[in-house]
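Take a look at the structure set out below.
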Amino acid sequence: MTTTANRPEVSLRTGGRGLVDRVGRVRELGIVAALAVLFGITGAVNPEFLSLDSLRDILLNSAIIATLAVGQTLVVITRNVDLSVSSVVGLSAFGGALILADQPGVPIAVVVAGCVLLGALCGALNGLLVGAAGVPALVATLGTLYAFRGIDYAWAGGRQVNAADMPESFLSLGSGSLLGIPLLVLAAVVVLLAVGWMLRNLRSGRELYAIGSNPAAAVLAGIPVRKRVITAFVASGALAGLAGAMWAARFGTVDAAAATGKELDVIAAVVVGGVAIFGGSGTVYGAALGALLLTGISSALAVLRVDALAQTAINGALIIAAIVLDRLLALRVAAALRRRRYRDAR
Amino acid sequence: MADTPPVLALRGVSKSFGAVRALREVSLELAAGEAHALAGENGAGKSTLVKILSGVHRPDAGQILLDGEPVEFHGPADAQAAGVAVIYQEPTLFPDLSVAENIFMGSQPRGTLGRIDRRAMRAQAVALFDRLGVPLDPDRPARGLSIADQQLVEIAKALSRAARVLIMDEPTAALSGNEVARLFGVARSLREQGCAILFISHRLDEIFDLCRRVTTLRDGGYVASDLISAITPDDLVRRMVGRDLDALFPKQDAAFGEVALQVRRLTREGVFTDVSFEVRRGEIVALAGLVGAGRSEVARAVFGVDRWDAGSVEVAGRRLKPGSPSAAMDLGLALVPEDRRQQGLVMELSIERNIALAGLGEVRRGPLISRVAERVRAADWAQRLQLKHRSLSDAVDVLSGGNQQKVVLAKWLARKPAVLIVDEPTRGIDVGTKAEVHRLLSELAVGGIAVLMISSELPEVLGMADRVLVMHEGRLVAEIPREDATEETVMAAATGRPAGGGA
Amino acid sequence: MPADASRPGTGLFHRWEGLILILLVAVTTWASLGVDGFANSSNVSFLLLDVTEIALMALTMTLVIVAAEIDLSVASTLGLSCAVLGWLWNAGLPIEAIMPICLVAGALCGALNGYLVTRLGLPSLAVTIGTFALYRGLAYVILGDQAVADLPPAYTGLASATLGPIPVMTLLVALLAAGFTAILHFTSLGRAIVALGSNEEAAFFSGIRVKRIRFWLFVASGAMAALASLIFTFRYASARADNGSGLELAVIAAVLLGGVSIFGGRGTLPGVLMAVLLLGVVRNALILADVANEVLNFVTGLLLVASVLAPNLGAVWRRRSSPPLEGKSAS
Amino acid sequence: GGTTREDVAQQASASAAAPASSAAADPNAPIKPGLKIAFLPKQVNNPYFTIANGGGIDAAKEFGGEGKEVGPSEASASSQVSYINTLIQQKQDAIVISANDPNAVVPALKQARDAGIKVVSYDSDTAPEGRDLFVNQASAEDLGRTEVQLLAEQIGHKGKIAILSATPNATNQNTWIEFMKDELTKPEYKDMELVKVAYGNDEDQKSFTETQGLLRAYPDLAGIISPTTVGIAAAARYLSDSKYRGKVKLTGLGTPNQLRKFVKDGTIDGFELWSPGDLGYLASYAAAALASGQISGAEGEKFKAGKLGEYTIGAGGEILLGKPTVFTKDNIDDFDF
Ligand SMILES: Nc1ncnc2c1ncn2[C@@H]1O[C@H](COP(=O)(O)OP(=O)(O)OP(=O)(O)O)[C@@H](O)[C@H]1O
Ligand SMILES: Nc1ncnc2c1ncn2[C@@H]1O[C@H](COP(=O)(O)OP(=O)(O)OP(=O)(O)O)[C@@H](O)[C@H]1O
Ligand SMILES: [Mg+2]
Ligand SMILES: [Mg+2]
């Protein structure tokens, strides 16, 4: 599916190492441009949108999706996908909230760690299904999407955990900030930077790209493919678990339906962020920017006094506009590079 | 030498894939400081043997010995750890990663915190390419590399491992003389440093050039192991094929008809410039040049796979619509592409369906496909090309490399084209069948087809072509008639020395 | 990938399909014997009717996925077409004029997807996530929060009419299914779809009009969603902008359960149709048996995973004792 | 020409009596033992419906019947139909339904009624031909108007206000909003302006974002009405941590447990809701009375609903539960649901 999509820029990126080249290599350029356009236009119409408070809100809104997108990127890079993230978020949000409500004695750190662990367990199940048993990831995680949500419903049995049931100290994680930066945003940024660093600088990180790029060749290269794939799923699950804790802290009211349907938002963020859905390329930074762009769009639409009924349509149109813009930019840079190479050749 | 056990050896190894017995009780010994050749027809089991040595396959019976001790390889990682480096017959690159990363995947130089030292990695890659004498950019992604460049990256990858045993499965199939010479230079120096080498090629002269010993396989069985100095090429062919062969280049003279393919001032920016030539009916024109000269790119553009920026292509006087292979096919053009796995075949489809793919209109009865017509068409060509297969409904990816190449040829020949472009038509094909393919091309030309042949194998070019076009850095630099075509004239033009005639 | 399960994946029937068939027979037998009210004719016709839209959209979705693309916007296209229907009906157009307009609207939605995918080379997943929101949003723009209900009884009646226990709409599905099966498995177009889904480049080199075929597959997918929307609207006698939301996952689940490879190039329509039925039967039987909804979801998920897992378990077992590439060649 | 939702609403309120019932009612008939009553909410596992149906099932126990809750996990118009079909096959005596779409369920409900099953709608009505009775939690008119009155008092009848609803297609929300708009036309609200109806789609994240958007787009906003439990909780959570706490007033429909914290910390002065448990309880009794022949669904008939006392069927087959409760920090601790 990706062959045509990638061909143009590919055969062309070579030779010179000038500015165009360097810029052309920054796959995230298109998203940054789209973000700039979005914030520019919205800010011009309503300067309030660019106020510190508002920017803080937007960052806060994207923190959870960005965390999920980082995990999803790990999986997508290996030519897999994790559709079950939203159910894992729901499960861990509800589980965490329930413990906080029913066992007030348990320290918050333990609860958060428990959420992460629960997520990691779910991820391990996905990983085993995909990595060890060879079930295609889409099928496996579509299955666990239903299954985890089923467990969540059965566990909750219609119960809801409310803000009043949870300790204030936990809720303040969702709203508090450090040096003016919201804690949830800090958490997301730390996760982003850590994973981004590992993907770029560690052998195991590069091996994830290799697996997604050509799975059979990865085996021949002696890469422990199964282990890496399982690890990617575990990491995605653990981050979804963390996102669950973030969800509970942020929204305060949690029932079994929490985060239903968010998997599409996460995948949209990843794809808009330039991560190739069939593996092998893309960065977590792109995915996080994608998450920021998508939440930015909804925030902008809410601020712009757009007719509520038209919002969904405009949202969709803007997503498409963003990927088209990104694509056109890539083609431009590619064409420029091809002409340059020609001149170099003479 | 007799005291030290062979570095790596096979003893009585057998391997079957379902009903196919790919190897039967084969033994082989690789000694330190010795280059050992493996010869055999397509499908004889050479690659299977390689994959057993590299831990990809497990033998059904028999043993692998490392320094005389039996070992078990549970996967490629084990073999690598034991110091075995392999160049597989089909390139196994990661298209999204840079060339340098491809080379060092899994063994990247590391700094503090396990951080990959990119600068060192790049420098080492450049050093490797210098050693091989190829100007590849280590920072470009592997996607889009020509098949020859991919092969070179594979070679660099194997060399980077500083292995005790270097196994090369047809590393030269896509390379031209220059690169082969460089590769052999490197191989010799490795050999001198005590590395054991296993070398596979269908080009017999290469075997005689590099190796000290040769083991022959036939139909999965062990035939013989000889000292190279003790046999002649004809002996070797007899061991492989079990009979004597006809002339390798049975070129018949054909009468040339009107111009069938006319290319005028064709330019694709950054790839090739101002390419003009014509091919007449009955003529075989060879397009020669070094790897990366742009020959395949011209062929792709002519066939409509790539677009061009300027110029025109005419087939039998009719202008071709750019960028549309189906339009080109309607005018009787056919292209046998160089990369069989990517461009030639749909690996999951069966042999017969692959052969039918380029002529779906011809196996139709009414609106539906006729399986009978499809099978008849496939069976006919499988026979003519001596395809070694179990059943025509097997997926092509279980075929050996050379047999896959035959399927690609069959797919296009079955269309009975008026203009046939073949890009490295005999890549990976064994000597016996190669003669058959050459006879076929020659016959087609006699039958009035215009043939444009791209080949990196100079003897093939000289033996088959009525006229040789030579490309250098994206330009056509020489046109040499059959009488004047010699290794010297062609190579001079191909390397850009002004000796050749100007175009 | 469960590659070995159904190689070389282009014929009509493979091990996978056999497995689904066995499951279908087993579940149906169990339900008929063990679940009250399952095996009576009104329930059977209801069951068949209930999978109509999913079955229809699964037909084109199968082709799209075999061609290594995906269309997540089908349910939104369905909603948009419903909205168009409701809006035009409110505006007083005769229903016979509205129906073709809806089909055209659906085809146009598909064409936009196809254009973005084939001309701009965008990944279909990204494009259709965007149009997923766009088309649903347009539905809201067109019909707002209204629900149009007084549709002509002739059509609402037809949508749920039955011949014996067989709903008329099921006959329509059967007809279309036969047509699409013929196309995918017995025509050169079908061959071309399989080939381009498996190796686009090789297909292009073989003179297959890769882009054109993909474009028209998206158009067909959109038009089929519109057809499903007509049946949906008449069946529920209610045209709303949020009709059918969430159906895309059900459709894709059925297609995957039917053995179609998400990477393209492999899959059969009989398998998909049996999977649609299997999911329908399981749902219906479990609801009749008063199984709680959460269990229902759980079972759906389990079924999806288990059906793929089962044929793989043997392979997993074998793999324990041999290296990973055994039986496959390095590609 | 077609019918729009508004027409349906008008029909509903102005309509003639519900379809004539087959048998004449016998007010003194005893409730039949062992009645099978099924509750079909918009969505199962939704805390609101869990409480409501719990009340209904308790009622069924009281009169010796058998109650159960079934339903889809996603609140879509079509998904309820499968369940109605199932209930027909299971030969239930009565179905108590809260419709996701007033029309889409009608064909199926008609089949159920043809099969002799009594149908009572509650919480969210179906088109009248689909059911025998509608148990209304609070008259839509009452609810819409009191919401506006509540907010007006909190903001001193002055300033810009906005509504944060569920999905654009949510039937009861839309009816309430109509009445809110109507109430706002009265002279005492001349200084209040409804600037926007936003939709949070009953999702936490979306409701959050919409609340933020409202405050940015209208920095001088005085109050928000959110007639949906998800919306009001999300809005309250956002306001309570922002600089707008206590400045921008919030009211609407929510459960006391959900909003207790926010009432106490001053984010919310007051909100209202009926008792969901009582709603289910009453619907259960109404269904039993129908199935036992105590009532036929005609206007003016009376029946006893256990601990809630006697109810009279109003115009259009409607039964009104009563006035909703307004929760403030003075009384909120008396409730637990
Ligand atoms: N954009 C590009 N940047 C750098 N190299 C490129 C680019 N596009 C093509 N090439 C290289 O240019 C060369 C021309 O390719 P082509 O396949 O036509 O060569 P060829 O003469 O047929 O050689 P070969 O024998 O390798 O097929 C190849 O080495 C290819 O990898
Ligand atoms: N994975 C497989 N499944 C089934 N059969 C296979 C598989 N791999 C190889 N074979 C069969 O084993 C035999 C030997 O194949 P192999 O690739 O070793 O031949 P080769 O000597 O390398 O030929 P070539 O010179 O054409 O590369 C062939 O008949 C081939 O079809
Ligand atoms: Mg081989
Ligand atoms: Mg070439």
TODO: Check for a donor-acceptor pair, side chain of B/Lys15 on one end and backbone N or O of B/Arg58 on the other, with a separation under 3.5 Å.
DONE: yes

Open item on the list: Please check this pair: side chain of A/Asn214 against backbone of B/Leu93, looking for a donor-acceptor N/O pair closer than 3.5 Å.
Closed with: yes

Task: NZ/NE/NH1/NH2 to OD/OE distance under 4.0 Å, B/Lys46 and B/Asp169 - done: no

Open item on the list: Under 4.0 Å between a side-chain nitrogen and a carboxylate oxygen: does that hold for B/Asp274 and B/Arg475?
Closed with: no

- [ ] Examine whether an atom of A/Ile223 lies under 4.5 Å from a heavy atom of chain B, and if so say whether it belongs to the side chain, the backbone or both; otherwise answer neither.
- [x] side chain

Task: Partner chain A: residue of B/Met105, B/Lys157, B/Arg110, B/Glu101 with the largest heavy-atom pair count (under 4.5 Å) - done: B/Arg110

TODO: Sort B/Tyr88 into side chain, backbone, both or neither according to what part of it lies under 4.5 angstrom from a heavy atom of chain A.
DONE: side chain

- [ ] Side chain from CB out, backbone as N, CA, C, O: work out which of these in B/Gln80 comes under 4.5 Å of a heavy atom of chain A, or both, or neither.
- [x] side chain

- [ ] Report the option among A/Ser213, A/Gly222, A/Gly280, A/Ala221 that has the most heavy-atom pairs separated by less than 4.5 Å from atoms of chain B.
- [x] A/Ser213

Open item on the list: Against B/Leu476, only a single residue in B/Leu266, B/Val275, B/Val470, B/Thr273 fulfils side chain to side chain contact (heavy atoms under 4.5 Å, CB included); can you say which?
Closed with: B/Val275

